Each structure stands twice: as structure tokens, then as C-alpha cells.
Number of protein chains: 2
Amino acid sequence: MKDTDDKLINRNMKPTAMRELVLDALLEQNVAVSLSDLEKKFDKADKVTLYRTLKTFEENKLIHSIDDGTGSVKYALCAENCQCNPHDLHVHFFCTECKHTYCLNDTPIPSVTLPLGFEIKTINMVVKGTCANCKK
Amino acid sequence: MKDTDDKLINRNMKPTAMRELVLDALLEQNVAVSLSDLEKKFDKADKVTLYRTLKTFEENKLIHSIDDGTGSVKYALCAENCQCNPHDLHVHFFCTECKHTYCLNDTPIPSVTLPLGFEIKTINMVVKGTCANCKK
DNA sequence: AATAACTTTGCAACTTGGTTGCATAAACTT
DNA sequence: AAGTTTATGCAACCAAGTTGCAAAGTTATT
Ligand SMILES: [Mn+2]
Ligand SMILES: [Mn+2]
Ligand SMILES: [Zn+2]
Ligand SMILES: [Zn+2]
């Protein structure tokens, strides 16, 4: 019984071969991945299946999606017991050198004061620059 | 000599009919507009011309583009002497009720402390929720 | 005024990322 | 084993953005 099996079952998903594969890929990365990243990695697998796998993962809060402004949505693993609540939100970082998108899990989104009458539901904050790896 | 002519000339663009039209449309709005918004508004005009008009405006810093996460880029007028520098950056707000995107010109983006080695170049911060107009 | 040179516009066509419908295959349930 | 549900594969579609190229319009030069 694999480790990934547990993770899937814990999040109420059946541990199919495809899901194991995708979850493994996500686990071995320290950066967020896009659908097309996965398509390249598993060139045998069907795009739609990968797409639906990610959707399923997201619905069940195993991963969260990141809109980093590049035009392709990235995905990254959620923390162990994450429920994707507003207070779980963190800043994301897009490196313009290596083009990688990072979850800055220890960097919470700072609070903003909005004009009168504006009510916040959620926030997306993406910082662009150079990452620690690309710093010379 | 129209007011819009001045604005275009000041930003080093020739005041063509198309540009006048698009600039007028932007001026009369208090929310950001997308390319397809303009396509609907000027159903005679060609999509590509509108597209290039927006690009030209952006290059010359008459407008700035906003990635609000909806999948279509929005555009809004820059402040009078805006140079689109990092310190000119403000928070954007997307209302999930009316689907409008606002420039919160008086809401600067709060500063964030990044992990060691990460260097910021620019930031995008989009708040989602309900706007003052949609508040009951 | 005629010509040349450059800029703007219109049309067609294409790319990429995301998405749907439907049929088959695989996995559970009884 | 038969029936029911769930997952996968393939084709096709859609929206947003983008490019190439030729025609139209503008500005500069003779
Ligand atoms: Mn993240
Ligand atoms: Mn703005
Ligand atoms: Zn990097
Ligand atoms: Zn609203």
C-alpha cells in the first residue's frame, strides 16, 4: 500500500494508476506544475484525463490552482490538512528567469484596507522577480 | 482640437479616428474594459485593430493592463503622469456580482517580506468580492 | 502635384489553453 | 454474472490572443 494511496483515499478519491502517477509528479516537484507540463512529462497520457485528474484533485483539496498571470494555470499540493480557506492563502512567486512558480507557504498575504463598501471574499497575490535559485 | 487629441499626442501617438473612439470609451467608464468589451461596443470595428490600439496605448503608458484572473485581460486609464513604475501599482478589485474590475487607485499594494534570496520586480494583487455598488 | 516612405487598418488564418460530449473500459455492487 | 457507477480516451469545440500580409491612409520629399 503506497504512500500516495493513502493521500488519495484520505481525500476521498480512488487511487487509480493515473492519479498515482500525477500525484507522484506533484510530490517530486518543489514548484507548481501546469497541465501542459504534465502532458510533456507523460506523453502517453491523454490531455483530458490529466485535466480531469487535476480537477478532481482540486475539488478534493489535495491541490490548489494558481493563476500566476502567465496564461496557464499552475497546480501545487496543499498542506496536509488544508481546507483551502482564506486564511490558508499564501503569496505565490513567479521567477522571470527560470519561469517557475513557487508557493511561498510561509508568506501569508498581507491584509489590505479597501474603499468603503467593498467586501473581500478572496485574494490573489503574485510576486514576480528572481527566485533564490536564479540569484547569482 | 479635442481633449482626447491632447492625451494621445502627449503620449506620442497620432490621434486617429479609431484611437479617439477607444479612448473615449475608456474615459467614460469607471471600470476596466476588455478587448471583447470593446468588440461588443464597436461592432463595426475590427478585433485586431482594437487589439493593436490597446497595445499601442499600453506601450505608450496611456493605459495599463490588468490580469484579474477571469481569463480576459482588462485595461484601464493610467493616472495623468503615470509611468507605470512599481510604486504606481495599486490593488485591483473584481466584483463577483457585477463582474466588473476596478482600479483601486487609492489602495497601494502592501509590502511583503519574501524568503531569503527572492527578489521582487513587480506585484499583482487582485481582491475578489462584492463592490460598493453591488452591496445591498 | 506627383512620388516615395511610413503608419494604420482590415481580413484571414493560426496558436494555445481550456473544455464538452460521448463511447468504451474498468471498477464496484448486488 | 449482471447491473450500476466511475474513470479514461478520442474527437471536436471554444475563447482569447496573436501573426502575416495586403490595402488604405498619412506624412515627407522632390
Ligand atoms: Mn500555493
Ligand atoms: Mn489599475
Ligand atoms: Zn528562478
Ligand atoms: Zn459589483
Side-chain angles (χ1 to χ4, degrees), chain A residues 1-2 4-5 7-9 11-25 32-60 62-76 94 99 101 124 126, chain B residues 1-2 4-5 7-9 11-25 32-60 62-75 94 99 101 126:
Chain A
M1 186 60 64
K2 271 173 281 174
T4 45
D5 276 11
K7 287 192 201 297
L8 288 169
I9 293 164
R11 293 287 190 170
N12 299 310
M13 289 171 287
K14 292 182 197 167
T16 69
M18 195 71 248
R19 287 171 184 170
E20 297 285 347
L21 230 54
V22 173
L23 179 50
D24 274 333
V33 302
S34 67
L35 173 56
S36 67
D37 289 337
L38 291 179
E39 273 184 80
K40 279 162 209 149
K41 179 142 190 159
F42 307 116
D43 60 343
K44 292 272 296 179
D46 184 69
K47 176 196 183 183
V48 181
T49 306
L50 292 168
Y51 167 76
R52 289 198 267 234
T53 301
L54 290 171
K55 284 275 151 160
T56 308
F57 282 10
E58 193 182 11
E59 271 163 31
N60 293 284
L62 180 60
I63 63 177
H64 60 278
S65 61
I66 306 159
D67 180 354
D68 59 11
T70 59
S72 60
V73 180
K74 306 292 191 319
Y75 299 88
F94 176 75
K99 317 287 183 209
T101 299
N124 182 33
V126 179
Chain B
M1 185 59 67
K2 269 174 280 173
T4 46
D5 275 11
K7 288 192 201 296
L8 288 167
I9 293 165
R11 293 288 190 170
N12 299 310
M13 288 172 287
K14 292 182 197 164
T16 68
M18 194 72 248
R19 287 172 186 169
E20 296 286 349
L21 228 54
V22 173
L23 179 49
D24 274 333
V33 302
S34 67
L35 173 56
S36 68
D37 289 337
L38 292 179
E39 273 183 80
K40 279 162 210 149
K41 179 143 191 156
F42 306 117
D43 60 344
K44 293 272 296 178
D46 185 68
K47 176 195 181 184
V48 180
T49 306
L50 291 169
Y51 167 76
R52 288 197 269 232
T53 302
L54 290 171
K55 284 275 151 158
T56 307
F57 282 9
E58 193 183 11
E59 271 162 31
N60 293 286
L62 180 61
I63 63 175
H64 61 278
S65 61
I66 306 158
D67 180 354
D68 59 11
T70 60
S72 60
V73 179
K74 305 295 188 321
Y75 299 88
F94 176 75
K99 316 288 184 209
T101 300
V126 179

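Just so it is clear, the structure is predicted and the values come from calculations on it, not from any experiment. Atom set for the values below is all heavy atoms of this structure, side chains included, hydrogens, waters and symmetry mates excluded. Order of the sequence lines sets the chain letters (A, B, ...), proteins ahead of strands, with each chain counted from 1.
Taking atom CE of residue Met18(B) and atom P of nucleotide dT26(D), one finds them 14 Å apart after rounding to whole Å. Distance Arg19(B) CZ to dT26(D) P: 12 Å, rounded to the nearest Å. Rounding to whole angstrom units, CD of residue Glu59(B) and C1' of dT18(D) are separated by 14 Å. Atom CG of Asp46(B) is separated from atom P of dT19(D) by 15 Å (rounded to the nearest Å). With rounding to whole Å, Asn12(B) atom CG is found 15 Å from dT7(C) atom C1'. One can place CG of Leu21(A) at 11 Å from P of dG9(D), the figure rounded to the nearest angstrom. Between the CG atom of Leu23(B) and the C1' atom of dT8(C) there is a distance of 17 Å, given to the nearest Å. Between the CZ atom of Phe57(A) and the P atom of dA7(D) there is a distance of 11 Å, rounded to whole Å.
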For each nucleotide in nucleotides 15-30 of chain C, reading 5' to 3', give B when a protein heavy atom comes within less than 4.0 Å of its base, S when such contact involves only the sugar-phosphate, and - otherwise. --SBBBB---------
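Side-chain contact check for Arg19(B) versus Pro15(B): every heavy-atom pair is 4.5 Å or farther apart. Asp67(B) is listed as a side-chain neighbour of Asp67(A), based on a closest heavy-atom distance under 4.5 Å. The shortest distance between side-chain heavy atoms of Asp46(B) and Tyr51(B) does not fall below 4.5 Å. Looking only at side-chain heavy atoms (C-beta outward), Phe57(A) and Met13(A) come within less than 4.5 Å of each other.
A donor-acceptor contact shorter than 3.5 Å links the side chain of Asp68(A) to the backbone of Thr70(A). No donor-acceptor pair under 3.5 Å is formed between the side chain of Asp24(A) and the backbone N or O of Leu21(A). Using modelled atom types, no side-chain atom of Ser36(A) and backbone atom of Glu39(A) make a donor-acceptor pair closer than 3.5 Å.
The side chain to side chain contact (heavy atoms under 4.5 Å, CB included) test with Arg52(B) singles out one residue from Val48(B), Leu54(B), Thr49(B), Leu50(B), and that residue is Val48(B).
OP1 or OP2 of dA7(D) has not a single side-chain nitrogen or oxygen of Thr16(A) nearer than 4.0 Å.
Under the salt bridge (charged side-chain N to carboxylate O under 4.0 Å, His left out) criterion, Lys99(B) pairs with no residue at all, not counting sequence neighbours.
Residues of residues 63-70 of chain A having a heavy atom closer than 4.0 Å to DNA chain C: none are found.
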